[in-house]
**Student:** 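To start, I am sharing the structure in question, which I have written as structure tokens.
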Amino acid sequence: MRCKIKKGINIWSFPEQMNIADCMKLAKEAGFEGIELALSMKGELSLTSSDEEILRLKQAADDIGIVINSLATGLYWQFSLTSNREDIRQKAKETVRRQLDIGALLGVDCILVCPGTVGVDFTPDEVVPDAKEIEFFAGSEVIDYDVAYERALSAFLELAPYAEEKQVVIGVENIWNKFLLSPLEMRDFIDKIGSPWVRVFFDVGNVVAHGYPEQWIRILGKRIAKVHFKDYRRDAKGLAGFVDLLAGDVDYVRVVDELVALDYDGWANAEMCPVYKCYSDQIVYNTSAAMDRILRIK
């Protein structure tokens, strides 16, 4: 069966100082069909961006000839759906709603949402820009697993109708959060929500430390709405294990075989971070070439 997966890249793969329009131009020049933007606390695309500012980004993408296919965010490290603080949980749900609003304006069919945490093993500096300025970090508390599960489930049951109203899928991502740790658990969690507007945003690289992405794909099946491609070396440990595509332990032959078996024809967005320290634009070209091999384009 022919591979019909579309080739995209996440904006975190670009130099931090590069503006969104230039990121889109570079992605197009490097051979990507689509780009995944990210919602921030401040900057060009933020919680307080006006509709006019958001629509200008959509127009810029149209002019460049690239598809904005998804909207990610790192804000859920600050606003967790499973926090012990009710005000933080409410802020997390407000963030999901605003992300859905912005996603609809941008014309995306799916947003990336972190389901909350039980605990994390890294520091705010490793995942949050301007970490010293934030009031709360999800890793500052440990949540009882069963409590986290019920809070996350309740949140997505509440948010699903709004996603349907906006016609944008909430993609629940598997992350390093000590939560929803197996494909069986993720599958059953999504099935309990029971809405086509809450599905899985599957990150290939995030499961390699403790599992096999090809197994997750087979078990999750049609629940997968969108995919992140990255690679990971098990012997490196921690965040330092994330490496260039094809330089790690992801068996991309089997990963793509499983996606093809599902007849998956959605987007695979490369998420390459951290970027190179020198000639940082080169990672975009290298990633494009690697994805051409992985997706059997060349």
**Student:** Quick one: do Ile193 and Ile219 end up in the same hydrophobic cluster if we chain Ile, Leu, Val, Met, Phe, Trp and Tyr together by side-chain heavy atoms under 4.5 Å apart?
**Tutor:**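 No; tracing contacts between hydrophobic side chains, which count when under 4.5 Å, never links both residues.
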**Student:** Evaluate the criterion ring-ring contact (aromatic ring centres under 6.0 Å, His included) for residue pair Trp176 and Tyr232; output intermediate values, then yes/no.
**Tutor:** CA-CA 13 Å; Trp176 285 11; Tyr232 187 82; 5.6 Å; yes
**Student:** Taking the side chain as everything from C-beta on, heavy atoms only, tell me whether Val118 gets closer than 4.5 Å to Tyr149.
**Tutor:**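 Sidechains of Tyr149 and Val118: no contact.
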**Student:** Find the distance between CG (Asn84) and CD (Glu141) and round it off to the nearest 0.5 Å.
**Tutor:**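 Output value for this atom pair is 4.5 Å.
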**Student:** Among Asn69, Asp101, Leu55, Leu71, which residue meets the side chain to side chain contact (heavy atoms under 4.5 Å, CB included) test with Leu106?
**Tutor:**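 With Leu106 as partner, side chain to side chain contact (heavy atoms under 4.5 Å, CB included) holds for just one option, Leu71.
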**Student:** Work out which heavy atom in Leu180 is nearest to a heavy atom in Glu185; give both atom names and the distance.
**Tutor:**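 Shortest heavy-atom contact: CA-OE1, 3.6 Å.
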**Student:** Could you tell me the separation between the CG atom of Leu57 and the CG atom of Leu37, rounded to the nearest 0.5 Å?
**Tutor:**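 If we round to the nearest 0.5 Å, Leu57:CG and Leu37:CG are 7.0 Å apart.
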**Student:** For a salt bridge (Lys or Arg N to Asp or Glu O under 4.0 Å) check, start with the C-alpha distance between Asp63 and Lys25, then their side-chain angles and the critical distance, and finish with the verdict.
**Tutor:** CA-CA 10 Å; Asp63 292 344; Lys25 290 174 185 175; over 6 Å; no
**Student:** Are the side chains of Val207 and Phe202 in touch, meaning some heavy atoms are under 4.5 Å apart?
**Tutor:**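 With C-beta onward as the side chain, the pair touches.
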**Student:** Looking only at the side chains, is there a donor atom on one of Tyr76 and Glu173 sitting less than 3.5 Å from an acceptor on the other?
**Tutor:**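 No, because no side-chain N or O of Tyr76 sits under 3.5 Å from a partner of the opposite role on Glu173.
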**Student:** Does any part of the side chain of Leu112, heavy atoms only, come nearer than 4.5 Å to the side chain of Lys226, both counted from C-beta?
**Tutor:**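 No; the side chains remain at least 4.5 Å from each other.
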**Student:** Which heavy-atom pair separates Trp197 from Val168 by the least distance, and what is that distance?
**Tutor:**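 Smallest interatomic distance, heavy atoms only, reads CZ3-N, 3.6 Å.
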**Student:** Under the side chain to side chain donor-acceptor pair (under 3.5 Å) definition, can you give me all pairs with a residue in residues 28-41, not counting sequence neighbours?
**Tutor:**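 Listed by first then second residue: Asn10-Glu36, Glu29-Tyr285, Glu36-Ser70, Glu36-His228, Glu36-Asn269.
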**Student:** Who are the side-chain contact (heavy atoms from CB on, under 4.5 Å) partners of Asp235, not counting sequence neighbours?
**Tutor:**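 Testing Asp235 for side-chain contact (heavy atoms from CB on, under 4.5 Å), a comparison that skips the adjacent residues, returns Arg233.
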**Student:** Side chain to side chain contact (heavy atoms under 4.5 Å, CB included), that's the test. Do Thr287 and Phe32 meet it? Break it down for me.
**Tutor:** CA-CA 10 Å; Thr287 301; Phe32 287 95; 4.1 Å; yes
**Student:** Would you call Lys58 and Asp62 a salt bridge, taking side-chain N to carboxylate O under 4.0 Å as the test?
**Tutor:**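 Salt bridge between Lys58 and Asp62, a charged N being under 4.0 Å from a carboxylate O: yes.
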**Student:** Measure across Met41 and Leu47 and return the closest heavy-atom pair with its distance rounded to 0.1 Å.
**Tutor:**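 Taking Met41 first and Leu47 second, the nearest heavy atoms are SD-CD1, 4.1 Å.
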**Student:** Any salt bridge between Lys4 and Asp263, counting N to O under 4.0 Å?
**Tutor:**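 Counted as a salt bridge, because a side-chain N and a carboxylate O are separated by less than 4.0 Å.
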**Student:** If only atom types and distance count, is the side chain of Ser83 paired as donor or acceptor with the main-chain N or O of Arg89 below 3.5 Å?
**Tutor:**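 Absent.
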**Student:** Of all the heavy-atom pairs spanning Ala225 and Cys110, show the shortest one and how long it is.
**Tutor:**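 Ala225 and Cys110 have their closest heavy atoms at CB-SG, 4.2 Å.
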**Student:** Taking Arg97 first and then Glu158, would you say they form a salt bridge - that is, a charged N and a carboxylate O separated by under 4.0 Å?
**Tutor:**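 Yes, charged N to carboxylate O under 4.0 Å.
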**Student:** For the residue pair Lys7 and Asp292, establish whether any side-chain heavy-atom pair is separated by less than 4.5 Å.
**Tutor:**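 Side-chain contact under 4.5 Å: yes.
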**Student:** Are Thr95 and Gln78 close enough, and set up right, to give a side chain to side chain contact (heavy atoms under 4.5 Å, CB included), and what steps lead you there?
**Tutor:** CA-CA 10 Å; Thr95 300; Gln78 300 175 56; over 6 Å; no
**Student:** Verify, without hydrogens or angle tests, whether Asn19 (side chain) and Ala21 (backbone) share a donor-acceptor contact under 3.5 angstrom.
**Tutor:**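 Checking the backbone N and O of Ala21 against the side chain of Asn19, a donor-acceptor pair under 3.5 Å is found.
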**Student:** Between Phe136 and Asp87, does the side chain to side chain contact (heavy atoms under 4.5 Å, CB included) criterion hold? Intermediate values first, please.
**Tutor:** CA-CA 11 Å; Phe136 172 85; Asp87 62 321; over 6 Å; no
**Student:** Would Lys192 and Leu153 satisfy side chain to side chain contact (heavy atoms under 4.5 Å, CB included), going step by step from the backbone distance to the final call?
**Tutor:** CA-CA 8 Å; Lys192 282 184 179 180; Leu153 183 61; 3.9 Å; yes
**Student:** Do Val243 and Val208 belong to the same hydrophobic cluster, where Ile, Leu, Val, Met, Phe, Trp and Tyr are linked whenever their side-chain heavy atoms lie under 4.5 Å apart, directly or via other members?
**Tutor:**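 Each belongs to a different hydrophobic cluster.
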**Student:** Can a donor-acceptor pair be found, under 3.5 Å and without considering hydrogens, that links the side chain of Lys93 to the backbone of Leu81?
**Tutor:**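 Flag not set: sc Lys93 to bb Leu81 has no pair under 3.5 Å.
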**Student:** With the side chain counted from C-beta on, respond yes when Asn174 and Met186 share a heavy-atom pair under 4.5 Å apart, and no when they do not.
**Tutor:**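 Result yes, sub-4.5 Å side-chain heavy-atom pair found.
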**Student:** For atom CZ of Arg293, is the number of surrounding heavy atoms from other residues, nucleotides or ligands below 6.0 Å larger than 12?
**Tutor:**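 Counting other residues, nucleotides and ligands, CZ of Arg293 stays at 12 neighbours or fewer.
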**Student:** Donor-acceptor check, side chain of Gln167 to backbone of Glu164, threshold 3.5 angstrom: yes or no?
**Tutor:**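 Yes.
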**Student:** Roughly how far apart are Phe14 CZ and Ile35 CD1, rounded to 0.5 Å?
**Tutor:**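 Separation between the atoms: 4.5 Å.
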**Student:** Hey, does the side chain of Thr82 reach the backbone of Ala148 with a donor-acceptor pair shorter than 3.5 angstrom?
**Tutor:**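 No, because the side chain of Thr82 does not come within donor-acceptor range (under 3.5 Å) of the backbone of Ala148.
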**Student:** Using the rule that Ile, Leu, Val, Met, Phe, Trp and Tyr join whenever any side-chain heavy atoms are under 4.5 Å apart, tell me whether Phe242 and Ile294 fall into a single cluster.
**Tutor:**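 Yes, it is one cluster - the side chains of Phe242 and Ile294 are joined through contacts under 4.5 Å.
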**Student:** If I compare all heavy atoms of Ile224 with all of Ile217, which pair ends up nearest, and what's the gap?
**Tutor:**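 Ile224 and Ile217 have their closest heavy atoms at CD1-CA, 3.9 Å.
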**Student:** So does Arg151 get a backbone contact from the side chain of Ser154, meaning a donor-acceptor N/O pair under 3.5 Å?
**Tutor:**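 Not a single qualifying donor-acceptor pair exists.
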**Student:** Within this structure, what is the CG-CG distance for the pair Asp121 and Asn177, rounded to the nearest 0.5 Å?
**Tutor:**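 If we round to the nearest 0.5 Å, Asp121:CG and Asn177:CG are 11.0 Å apart.
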**Student:** State, yes or no, whether a side-chain contact exists between Val120 and Phe137 at a heavy-atom distance under 4.5 Å.
**Tutor:**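 When only atoms from C-beta onward are counted, Phe137 and Val120 do touch, with a gap below 4.5 Å.
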**Student:** When you look at NZ of Lys222, are more than 12 heavy atoms from neighbouring residues, nucleotides or ligands closer to it than 6.0 Å?
**Tutor:**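 Enclosed.
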**Student:** Would a single hydrophobic cluster contain both Ile68 and Ile9, if residues Ile, Leu, Val, Met, Phe, Trp and Tyr are joined by side-chain heavy-atom contacts under 4.5 Å?
**Tutor:**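 Hydrophobic grouping puts Ile9 with Ile68.
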**Student:** With rounding to the nearest 0.5 Å, note down the distance linking CG in Leu45 to CD1 in Ile102.
**Tutor:**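 Atom-to-atom, Leu45:CG and Ile102:CD1 are 5.5 Å apart.
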**Student:** Is there side-chain contact between Phe156 and Pro115, with at least one heavy-atom pair below 4.5 Å?
**Tutor:**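 Side-chain contact under 4.5 Å: yes.
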**Student:** If you group Ile, Leu, Val, Met, Phe, Trp and Tyr by side-chain heavy-atom gaps below 4.5 Å, do Leu220 and Leu184 land in one group?
**Tutor:**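 No, Leu220 and Leu184 fall in different hydrophobic clusters.
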**Student:** Could you check whether any side-chain N or O of Gln99 sits under 3.5 Å from a backbone N or O of Leu39, counting only pairs where one atom can act as donor and the other as acceptor?
**Tutor:**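 No; judged by distance alone, with no hydrogens or angles, the pair does not exist.
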**Student:** Can you tell me how far apart CZ (Arg56) and CD1 (Ile20) are? Round to the nearest 0.5 Å.
**Tutor:**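 Arg56 atom CZ to Ile20 atom CD1 measures 11.5 Å (nearest 0.5 Å).
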**Student:** Can you see which heavy atom on Asp281 is nearest to which on Pro15, and at what distance?
**Tutor:**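 Scanning both residues, the minimum pair turns out to be N-CG, 4.5 Å.
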**Student:** What pairs of donor and acceptor atoms, side-chain ones from residues 244-256 against any protein atom, are under 3.5 angstrom apart with sequence neighbours left out?
**Tutor:**
from, atom 1, to, atom 2, distance (Å)
Asp244, OD2, Tyr276, OH, 2.4
Asp249, OD2, Arg234, N, 2.8
Asp251, OD1, Val253, N, 3.3
Asp251, OD1, Arg254, N, 3.2
Tyr252, OH, Lys230, N, 3.2
Tyr252, OH, Lys230, O, 2.7

**Student:** Looking at side-chain heavy atoms only, is the closest gap between Tyr145 and Leu181 below 4.5 Å?
**Tutor:**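 Sidechains of Leu181 and Tyr145: in contact.
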**Student:** Answer yes or no: is there a donor N or O on one side and an acceptor on the other, between the side chain of Arg223 and the main chain of Val200, under 3.5 Å?
**Tutor:**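 Not at all, since once roles are kept as given, no pair shorter than 3.5 Å links the two residues.
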